Amino acid sequence: MPDQAHHPDRSPIRDVQSYIGLPLIYNHWYVAGFDDEFGEMPKAKTLLERSIVFYRTKAGELTALQNRCLHRSFPLADGTLNGDNLVCGYHGMEYDPDGRIVRIPCQDRVPNRKLKKYPLRKQGPYIFIWMGDEDAVDESKLPDFSFLGDPQYECVHEEKFVEGSYLLMMENLNDLTHFSFLHANSFAFGEYFGRLETEAGKDEEGVYCYRLDRDWKRQTERLPPALQEKLKGKEVLNRNGGVNAGPGLFKGFSPLYVYGADGEVEMELKTYVMHFVTPETKTTAHYWWSLCRDYGLGNDEAKAATKALFSRAFDEDLWAIRNMQALLEQDHADYEELIIAGDQAGMLFRREVLEWVKAEYPEFR
Ligand code: FES
Ligand SMILES: [Fe+2]
């Protein structure tokens, strides 16, 4: 292996090729899709290299089952429905919405076997899925994203696709020093952004990173004029960043604090920018983003402009990740990853990912 000479440290913490090669981690919640994309007709999706069939019972209950007939691996989404039961399109084996076999047409005996069933939870417009074993489901690992369905917030949402490892995307999200460069034509932040005072660490929610900006002009110039007027002469502070709240859950948060004459916070304008990245395979991922805010509401034109701006910026991230993934796969020579100041949270998150991998794969301990 001549390559090895160029890789003094192949640990997944110091080496992105090893990092994105880590096995997928299942005992966590991921987004499966928008609630309204799932109807009564069976729909198959591949999440974390598992083919899953989703359908709703007549009562509207959404179910997610292993999309593989227990007989000969026919994909059940290509079968038919008999009431609430899924009928395999090959030899007609019938499963109830919990995945239990209820009928085998060519015999009387019905073995006590069932398909793997995936627990689902709804928050706002999203369906979250537990990818681990049904009896190991951990509600405490599902963060509270209730603002996604809270009428006090106005939200925009969009689905995209990542042609690269979900880990590259998650790392992109907790390092905003790329704003000034990769997003020079969208967010258009100056180089100052990467030098702002930074708070990075890990708390009960996960690995976080925020950049602190107290510049009045920068913080108010994109606000609606009426709000700008209201904030005249006030001290402001923006904490821009977020937390990696799971392997594929990123809770971006960018509150603007407005201080009164007594130095107390007088107003807080909240903006959440959520990113949900669910691996399809190790090298591709489903991706949804949502932006929710509790100010400047009711202006459809502004809402559409915000959605267009963020969508364009996130396409820039996807372009970068596609190109990085391709290069990482093609060329392994003369390469040793350099770590810089903006990587603080990225490094912490790599450590956390490695801990999650160790918890599921004894060979990594
Ligand atoms: S493959 Fe499904 S019944 Fe045979
Ligand atoms: Fe970005």
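Note that this is a predicted model, so its numbers are computed, not measured. Order of appearance sets the numbers: ligands from 1, and atoms from 1 within every ligand.
Draw a line from the Fe ion (ligand 2) to OD1 of Asp317 and another to NE2 of His178, and the angle between them is 100° (to 10°).
Residue Glu316 does not count as close to the Fe ion (ligand 2), with no N, O or S atom under 2.8 Å.
Cation-pi check for Arg312 over Phe187 is not met; the charged atom does not lie both under 6.0 angstrom from the ring centroid and within 45 degrees of its normal. In this structure, Arg350 satisfies the cation-pi test against Tyr19, with its NZ or CZ atom closer than 6.0 Å to the six-membered ring centre and inside 45 degrees of the ring normal.
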Run the side chain to side chain donor-acceptor pair (under 3.5 Å) test on Asp294 and Gln152 for me, step by step, so that the C-alpha distance in whole Å, both residues' side-chain angles and the decisive distance to 0.1 Å come before the verdict. CA-CA 6 Å; Asp294 68 350; Gln152 283 190 337; over 6 Å; no
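In this pair, His275 and Tyr287 present their aromatic rings parallel. The plane angle is below 30°, not in the 30 to 60° band.
Around the CG atom of Asp203, the shell of radius 6.0 Å holds more than 12 heavy atoms that belong to other residues, nucleotides or ligands.
With no hydrogens or angles considered, a side-chain donor-acceptor pair links Ser311 and Glu158 at under 3.5 Å.
Just one residue in the list Phe34, Tyr30, Phe145 forms a ring-ring contact (aromatic ring centres under 6.0 Å, His included) with Phe276, and that residue is Phe145.
Protein N/O/S atoms nearer than 2.8 Å to atom 2 (Fe) of ligand 1 total 2.
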